[in-house]
Amino acid sequence: MLQLQFIRENKEAVLQGLQKKNFKELNLVDEIIALDEQKRKTQTEAERNKSELNVMAKEIGNLMKRGLQEEAEAMKQKSGASRDAQKAMEDKLEELEKSLYENLVKLPNMPHASVPFGKTPEENENIYQEGEIPALFEGALPHWEITSKYDIIDFEMGNKVTGAGFPFYKGKGARLQRALINFFLDEALKAGYNEVQPPIVINKESGFGTGQLPDKEGQMYYVGIDDLYLIPTAEVPITNMYRDVILKEEQMPTKNVGYTPCFRREAGSYGAHVRGLNRLHQFDKVEIVQIAKPEDSYATLDTMVEHVKGLLQKLGLPFRILRLCGGDMSFNSALTFDFEVYSAAQQKWLEVSSVSNFEAFQTNRLKCRYKNAEGKNVLAHSLNGSALALPRIVAALLENYQTPEGVILPKVLQSYCGFELIN
RNA sequence: GGAGAGUUGUCCGAGUGGUUUAAGGAGCACGCUUGGAAAGCGUGUAUGCUAGUAAUGGUAUCGAGAGUUCGAAUCUCUCACUCUCCGCCA
């Protein structure tokens, strides 16, 4: 959620930003400004009246104490009449606040100045590429055939027990998952992150805090009996640790890493591009989350990008980094870098990480602030990134490292797995 | 799941309708005192919105929400959470 004061004072910049983000309802900005003006006027009025009522109530108390019943009664009458007016003003104020909020949460975040113009993924800016694209042998297979050839991931079993998109990982497949999680967590620990194991179901307040609700309600699994949601990413519980929190300056930045399964309904997607591990309803991910001072957040974003880069280098996977264009960025983000690995048998790039700075967009809703050196409370900036999401990494590892004799794992994973070859 | 007791500021804790402007204590900050420190003394010490250049003021917040009342931390209702006991249980 953008800050009202910012919108009020930077209307032109806001309009330009929204256009870059390919946001259509530009009239909302004027509406918000008008509502805000009305709201403040009403609030001033209501509070002045309330102040008078408070004085009268106190006076009645004094009169009663001194035994002046009649005077007290007279004032009660007067006060009672004013109370109805008060109620009306407060109702109006509440109404205005509600529609102001409803409009405000519809506005996406402002894109950072470096965000390129564009509407589609094709217009994302390729800013970095590294690693050799392997030339595969004759008869090389896509990962969904490798997994069944070596019986390491069982999609049919998942279909039977749960449904599509919930595979079983078996034998070396399960061990590879565990190895990757440990590897990613260990690397994050080395980079100074604090490991947390958050809950994987969250309440409504947390869903609102990080912006999944109300917009993406249909994308989350909902546990109706207890009014809870399965998390789509560890970002939600980990960032919400800081909801309604005022951090001390020396606590900044907070650096947390967590491994969780993630659940996404992915309503509406189907077909070849979601085949195998490309898109699942349940998948594993290690997520890094930082809360930073506003002046440091872009430097922080760079360190997170470097961290993810390091992971892919160690795994020896060819990858590229995209700076997302305005139209392809998420609602919440001010600047996002996507990481894609090349999947040799499918001959396409697969997104494995998304690293973003949300600036104060999430923290404004979360009310996550920090007390700066001058003792002022200011909204912190929140950032997060996948480091990394497992399924597509597994897909790329299986495809890129396959040989006629089996899949030879990269060195860094061999000790984590306890084996070198999947056959 | 059942029964009971709770939830007050940074912390402890008083407070069953009106000088509560939330007592008192601790902590923390600053000042005085001191050779220096401790003790002592003094002052300050929440958050949001809002008015104002500011100083400062208004308003709301005692787990959350609604209600009763001229007036609610205090009374009523709903909900959440914590603790104790019982039941169940990895």
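Just so it is clear: chains get the letters A, B, ... in the order the sequence lines come, proteins before strands, and each one is counted from 1.
U34(B) and A55(B): their C1' atoms are spaced 36 Å apart (whole Å). The separation of A73(B) from A64(B), taken at their P atoms, amounts to 12 Å, rounded to a whole angstrom. Separation of the C1' atoms belonging to U33(B) and A37(B) is 12 Å when rounded to the nearest angstrom. With P as the reference atom, G4(B) and U76(B) are 15 Å apart, rounded to whole Å. To the nearest whole angstrom, the two C1' atoms, one in U21(B) and one in C30(B), are 24 Å apart. On the C1' atoms, A22(B) is 8 Å away from C62(B), given to the nearest whole Å. For the P atom pair drawn from G31(B) and A38(B), the interatomic distance equals 12 Å after rounding to whole Å. Spacing between U84(B) and A29(B) at atom C1', rounded to whole Å, works out to 40 Å.
Counting to the nearest Å, the C1' atom of C81(B) and the NZ atom of K204(A) are 18 Å from each other. Remark: P of G71(B) and NZ of K50(A) are 7 Å apart, rounded to the nearest angstrom. The distance between atom CD of E94(A) and atom P of G65(B), rounded to the nearest whole Å, is 11 Å. Atom CD in Q86(A) sits about 12 Å away from atom C1' in G58(B), given to the nearest Å. Going from atom CZ of R48(A) over to atom P of A60(B) covers 15 Å, rounded to whole Å. Following rounding to the nearest Å, E250(A) (CD) and U10(B) (C1') show an atom-to-atom distance of 14 Å. Taking atom NZ of K58(A) as the reference point, atom C1' of U21(B) lies 7 Å away to the nearest angstrom. Taking atom CG of L93(A) as the reference point, atom P of U59(B) lies 15 Å away to the nearest angstrom.
Nearest heavy-atom pair, I291(A) versus C368(A), reported as atom, atom and distance to 0.1 Å: CG2-SG, 3.9 Å. Closest approach of G316(A) and Y401(A) over heavy atoms only: O-OH, 3.1 Å.
For A46(B), the paired nucleotide is U61(B), the pair qualifying as Watson-Crick or G-U wobble because both relevant distances are below 3.5 Å. With a cut-off of 3.5 Å on both Watson-Crick or G-U wobble distances, the partner of A66(B) is given as U76(B). In this structure, U10(B) and A26(B) make a Watson-Crick or G-U wobble pair, each of the two defining distances being under 3.5 angstrom. Taking a pair to require two hydrogen-bonding distances under 3.5 Å in either a Watson-Crick or a G-U wobble arrangement, U34(B) remains unpaired. Using the Watson-Crick or G-U wobble rule with both distances under 3.5 Å, A54(B) pairs with nothing in any strand shown. Of the nucleotides present, none pairs with U19(B) by Watson-Crick or G-U wobble criteria with both distances under 3.5 Å. Base pairing of C85(B): its partner is G2(B), meeting the Watson-Crick or G-U wobble criterion (both donor-acceptor distances under 3.5 Å).
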N/O to N/O distances under 3.5 Å, protein versus nucleotides 49-53 of chain B:
residue	atom	partner	partner atom	Å
C49(B)	O2'	K39(A)	NZ	3.3
C49(B)	O2'	Q43(A)	OE1	2.9
C49(B)	O2'	Q43(A)	NE2	3.0
C49(B)	O2	Q43(A)	NE2	3.2
U50(B)	O4'	Q43(A)	NE2	3.1
A51(B)	OP1	R40(A)	NH1	3.2

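At distances below 3.5 Å, at least one donor-acceptor pair connects side-chain atoms of T42(A) with backbone N or O atoms of Q38(A). Using modelled atom types, one side-chain atom of N332(A) and one backbone atom of T210(A) make a donor-acceptor pair closer than 3.5 Å. In this structure, the side chain of Q362(A) does not engage the main chain of G209(A) through any donor-acceptor pair within 3.5 Å. The closest donor-acceptor contact from the side chain of N364(A) to the backbone of M1(A) lies under 3.5 Å.
Using a 4.0 Å heavy-atom distance criterion, K248(A) is classed as making no nucleic acid contact. Nucleic acid contact class of K65(A) (heavy atoms, under 4.0 Å, all strands): sugar-phosphate only. Among the heavy atoms of the strands, none lies under 4.0 Å from R66(A). Among the protein residues, N377(A) comes within range of the sugar-phosphate backbone only, with heavy atoms under 4.0 Å from sugar or phosphate atoms but none that close to a base.
Note that CZ of F23(A) is 5.0 Å distant from CG of L107(A), once rounded to the nearest 0.5 Å. Annotation: the span from I153(A) atom CD1 to I146(A) atom CD1 amounts to 10.0 Å, rounded to 0.5 Å. Between F283(A) atom CZ and R392(A) atom CZ the span is 7.5 Å, to the nearest 0.5 Å.
Contact annotation: N54(A) side-chain N/O to G71(B) OP1/OP2 distance is not under 4.0 Å.
Each of I246(A) and K76(A) has a nearest nucleotide on RNA chain B; the 5'-most of these lies closest to I246(A).
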